[in-house]
Number of protein chains: 2
Amino acid sequence: MTSGAGARPGVGRPGLTTERIVEAAAAVADREGLHGVSMRRVGRELGVEAMSLYHHVAGKDALLDALGDWLMQRVERPPVDAGWRAGMRARCASLREVMREHPWGPAIVESRRAPGMALLGHLEAVLECLHRGGFPVQLAAHAFSVLDAYVYGFVLTEQSLPFEPGGGVDELADELALPADDFPRMAALIEQAIVGRSYDYGDEFEYGLELVLDGLESRLAAAGPGAR
Amino acid sequence: MTSGAGARPGVGRPGLTTERIVEAAAAVADREGLHGVSMRRVGRELGVEAMSLYHHVAGKDALLDALGDWLMQRVERPPVDAGWRAGMRARCASLREVMREHPWGPAIVESRRAPGMALLGHLEAVLECLHRGGFPVQLAAHAFSVLDAYVYGFVLTEQSLPFEPGGGVDELADELALPADDFPRMAALIEQAIVGRSYDYGDEFEYGLELVLDGLESRLAAAGPGAR
DNA sequence: ACCTGAACACCGTTCAAGT
DNA sequence: ACCTGAACACCGTTCAAGT
């Protein structure tokens with residue numbers, strides 16, 4: 001009675017669950033890109049036919065929704081004990097880090113409409129942190145909007161860079177081989193700012209983030225310390 | 001001799017060119033999303049078999065590269081006579097407008113690696129505008145990075161919003177029906193900032209853009225008027 | 001209840017064949 | 001030179017059938 005007689009115990013096959021399916025989808029996406037996430041491919045990842053997945057997931061769209069929320073679970077919420085600035089810095093860094101580890105992140109955020117529980121919970125934590133930092137509701141909305149736009153946009157543009165993230169930009173100068181006569185400013189940029197020094201586009205992230213945070217801080221000060 | 005004897009003149013069918021193919025692809029994307037852009041579908045749009053396209057385009061990847069550059073051609077460059085701030089404001093607005101007209105824009109920017117001529121030309125014009133505004137090379141790179149990240153990110157997040165862009169957020173409150181006990185800050189935000197007033201998330205764009213521009217202006221001032 | 005095989009209408013791309 | 005038909009190895013999804 002503890003374990004059905006007719007059922008193959010099969011310890012090797014834990015049985016299909018929505019969670020296991022989403023994790024398999026993430027593994028496939030990590031390895032082969034979002035492009036490679038197909039029902040058949042995810043099924044194979046689990047040693048199962050594609051059609052079996054339909055008993056646990058409504059369809060591919062629902063699977064992608066779940067995958068988006070799986071990603072959002074990995075993003076750290078702002079620490080409760082830190083101030084708003086440190087909190088935002090930490091959660092923006094985590095958001096970027098997650099998107100870096102899973103390069104299919106921006107694409108899935110972009111293609112989805114239905115926000116999952118992880119996203120909502122994260123958003124709530126962000127708003128709570130800003131509230132504690134003294135942000136009026138309206139300003140908190142502004143802050144959230146501009147910060148999210150910046151982080152997602154940075155990751156997006158970083159990924160579409162024509163050179164490898166880690167490597168220098170010397171490749172770019174070679175690969176592109178853009179005529180300096182037609183593009184004098186770009187040539188100057190590449191020469192002065194990049195060649196020679198070890199340039200990492202990733203360093204731009206902190207610069208822009210601090211710029212945005214500075215902007216928010218001055219807006220907060222202008223709103224007045226009493227404007228709670 | 002002027003026109004071959006055996007060739008069907010066929011005024012109705014201008015003959016396939018790369019340009020016509022890219023335009024057809026854009027039309028399909030506008031109508032059915034980037035998802036709907038398939039070689040077969042684009043072929044049908046032109047009254048031609050899918051395989052004919054391969055005589056003018058190397059493959060689907062090359063077609064998408066060309067489609068990305070087609071999009072970038074539509075983005076207005078900063079006016080030469082305006083100052084850097086007005087110039088950046090104008091080109092950021094245009095970039096956003098183009099992405100709004102063609103919602104598949106961010107997706108294609110994200111998925112492509114090879115920058116086309118339109119993108120390079122646009123980038124050059126932006127750098128030129130900043131240079132004239134007195135931006136040192138390094139600061140121009142920062143400016144470009146943070147502005148692009150902001151605009152792309154804003155469009156991306158705007159599109160993944162769970163409510164219709166034009167409409168209010170009343171739908172959200174209904175559709176989501178999130179329990180106010182679990183999400184007090186979000187509930188407060190929706191209630192205070194949105195319900196009642198006619199809230200348009202699009203208004204956030206200008207707010208954030210000005211915040212970023214303010215940040216750049218103060219960085220520029222700190223670099224010193226003589227730091228050319 | 002859960003899994004599956006066959007089937008349907010799609011994909012991108014190759015290749016030999018037509019004009 | 002340019003276009004095409006058939007073919008190959010893929011898609012998501014439905015549905016009737018198995019256990």
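Throughout, protein chains are lettered first and strands after them, A, B, ... in sequence-line order, and every chain is numbered starting at 1. All values reported here derive from a predicted model rather than from experimental measurement.
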(request) Could you tell me whether B/R96 sits above the aromatic face of B/F205, with NZ or CZ closer than 6.0 angstrom to the six-membered ring centre and within 45 degrees of the axis? (result) yes
(message) Using Watson-Crick or G-U wobble geometry with both distances under 3.5 Å, which nucleotide pairs with C/dG12?
(response) D/dC8
(request) Please determine, for C/dT19, whether a Watson-Crick or G-U wobble partner exists with both distances under 3.5 Å, and give it or none. (result) D/dA1
(request) Hey, can you tell me if A/H102 and A/W70 have their rings parallel, tilted or perpendicular (30° and 60° cut-offs)? (result) perpendicular
(request) Could you work out which one of C/dT13, D/dC3, C/dT4 sits closest to the side chain of B/L16? (result) D/dC3
(message) On DNA chain D, does the nearest nucleotide to A/R44 precede the nearest nucleotide to B/S52 from the 5' side, or the other way round? Give the residue.
(response) B/S52
(message) Keeping B/R20 on the side-chain end and B/G15 on the backbone end, is there a donor-acceptor pair under 3.5 Å?
(response) yes
(message) Under a 3.5 Å distance rule, please check whether A/Q159 uses its side chain to pair with a backbone N or O of A/P103 as donor and acceptor.
(response) yes
(request) Rounded to the nearest angstrom, tell me the gap between atom NZ in A/K60 and atom P in D/dT13. (result) 8 Å
(request) Show your reasoning for whether salt bridge (Lys or Arg N to Asp or Glu O under 4.0 Å) applies to A/E128 and A/R77. (result) CA-CA 10 Å; A/E128 175 66 23; A/R77 303 183 178 188; over 6 Å; no
(message) OP1 or OP2 of D/dT4 versus the side-chain N and O atoms of B/H55: is any pair under 4.0 Å?
(response) no
(message) What residues from residues 25-40 of chain B pass a heavy-atom cutoff of under 4.0 Å to DNA chain C?
(response) B/V37, B/S38, B/M39, B/R40
(request) Mind calculating the distance between CG (B/L64) and C1' (C/dT13) to the nearest angstrom? (result) 15 Å
(request) For A/M51 and C/dA6, give me the distance from atom CE to atom C1', rounded to whole Å. (result) 9 Å
(request) Please state whether the phosphate of C/dT13, meaning OP1 or OP2, lies under 4.0 angstrom from any side-chain nitrogen or oxygen of B/Y54. (result) yes
(message) Please report the distance, rounded to the nearest Å, between CD1 in B/I21 and P in D/dC2.
(response) 11 Å
(request) Walk me through it: do A/R74 and A/E101 pass the test salt bridge (Lys or Arg N to Asp or Glu O under 4.0 Å)? (result) CA-CA 10 Å; A/R74 253 128 281 265; A/E101 279 167 30; over 6 Å; no
(request) Measure the distance from CD on A/E49 to C1' on D/dC15 and round it to the nearest whole Å. (result) 16 Å
(message) Rounding to an integer number of Å, can you tell me how far B/L53 CG sits from C/dT14 P?
(response) 13 Å
(request) Name the orientation class of the two ring planes belonging to B/F154 and B/Y201 (parallel below 30°, tilted from 30 to 60°, perpendicular beyond 60°). (result) parallel
